[in-house]
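Residue numbers start at 1 and run along the sequence shown. For ligands, and for the atoms within them, numbers begin at 1 and follow the listed sequence. Side-chain atoms are counted along with the backbone in the values below, which use heavy atoms only and exclude waters and symmetry mates.
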Amino acid sequence: MSEKTLAIIKPDAVKKRVIGRIIQRIEDEGFNILGLKMVKLSLEEAKQFYSVHKEKPFFNGLTEFMSSGPVVVMLLEGENAIKHWREVMGATNPAEARPGTLRREFGFSIERNAVHGSDSSQTAQTEIKFFFN
Ligand code: UDP
Ligand code: MG
């Protein structure tokens with residue numbers, strides 16, 4: 001079943017100049033990129049985007065990090081795109097992510113882990129609306 005998901009290249013990966021390599025991987029994996037833009041989130045926008053995590057101990061660090069520099073936001077489409085993209089990203093902690101995943105290759109820490117992906121069809125819908133109308 002074809003579905004849509006939201007992908008973000010996080011500020012750490014933009015600073016490392018690996019936008020191109022990540023987008024190449026996305027295309028090699030067969031996703032269609034339906035939308036793409038670079039944006040700089042305000043702290044308030046980052047807090048809104050990650051509001052499901054507002055009670056977590058990592059919320060402040062995460063939202064400061066996500067608003068610390070530009071990010072590249074993409075609307076991806078493909079067969080089982082949500083699960084497929086999360087498999088390509090790898091585990092949240094780059095140290096635990098499988099070799100060949102983007103987080104293993106480009107992530108720096110459990111916080112600065114290079115990429116974001118929606119985790120369900122419900123969050124995909126909400127997250128896509130947040131960035132693309
Ligand atoms: N995060 C963090 N510390 C943690 C867990 C998560 O800083 O202990 C950050 C990390 O950038 C992660 C984001 O918060 O990507 C959202 O966490 P989630 O559990 O939703 O992981 P994801 O869905 O991104 O794999
Ligand atoms: Mg998540």
Trainee: Check for a donor-acceptor pair, side chain of R103 on one end and backbone N or O of G90 on the other, with a separation under 3.5 Å.
Mentor: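 Such a contact is found between R103 side chain and G90 backbone.
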Trainee: Do S120 and T123 pair up side chain to side chain, a donor and an acceptor below 3.5 Å, judged on atom types alone?
Mentor: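 Looking only at side-chain atoms, T123 and S120 do form a donor-acceptor pair, the distance falling under 3.5 Å.
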Trainee: Tell me which pairs pass side chain to side chain donor-acceptor pair (under 3.5 Å) where either residue lies in residues 21-39, with sequence neighbours left out.
Mentor: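 For residues 21-39: Q24-D28, R25-E29, E29-H84, N32-E77.
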Trainee: Any donor-acceptor pair under 3.5 Å linking the side chain of E127 with the backbone of L6?
Mentor: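 The answer is no, because no donor-acceptor pair under 3.5 Å joins these two groups.
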Trainee: Under a 4.0 angstrom heavy-atom cut-off, which atoms of ligand 1 come close to R86?
Mentor: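 Near R86, meaning under 4.0 Å from one of its heavy atoms, ligand 1 has 22 (P), 23 (O), 25 (O).
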Trainee: Side chain, backbone, both or neither: which applies to N113 and ligand 1 if a contact is any heavy-atom pair less than 4.0 Å apart?
Mentor: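 Under 4.0 Å from ligand 1, N113 contributes side-chain atoms alone.
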Trainee: Please say whether R103 places an N or O atom under 3.5 Å from an N or O atom belonging to ligand 1.
Mentor: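 In this structure, R103 places an N or O atom under 3.5 Å from an N or O of ligand 1.
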Trainee: Show the atoms of ligand 1 that are less than 4.0 angstrom away from any heavy atom in I110.
Mentor: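 So the answer, numbered in order with elements, is 1 (N), 2 (C), 3 (N), 4 (C), 8 (O), 9 (C), 10 (C), 11 (O).
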Trainee: Go through the structure and list residues passing side-chain hydrogen bond (donor to acceptor under 3.5 Å, both in side chains) with S42, not counting sequence neighbours.
Mentor: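 Counting only residues at least two positions away or on another chain, S42 forms a side-chain hydrogen bond (donor to acceptor under 3.5 Å, both in side chains) with E45.
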Trainee: Answer yes or no: does atom NZ of K40 have more than 12 heavy-atom neighbours from other residues, nucleotides or ligands under 6.0 Å?
Mentor: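 More than 12 within 6.0 Å, yes.
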Trainee: Considering only heavy atoms, which of K56, M89, K10 lies nearest to atom 15 (O) of ligand 1?
Mentor: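 It is K10 that holds the nearest heavy atom.
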Trainee: Considering only the protein, which heavy-atom contact is closest to atom 5 (C) of ligand 1, and what is its distance?
Mentor: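 Scanning the protein heavy atoms, the shortest distance from atom 5 (C) of ligand 1 goes to F58 CE2, 3.5 Å.
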Trainee: With atom 13 (C) of ligand 1 as the reference point, say which of T63, L62, T92 has the nearest heavy atom.
Mentor: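 Ranked by closest heavy atom to atom 13 (C) of ligand 1, first place is L62.
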Trainee: Please report which non-hydrogen protein atom sits nearest to atom 16 (C) of ligand 1, along with the residue it belongs to and the distance in Å to one decimal place.
Mentor: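 Answer, as residue, atom name and distance: H53 NE2, 3.6 Å.
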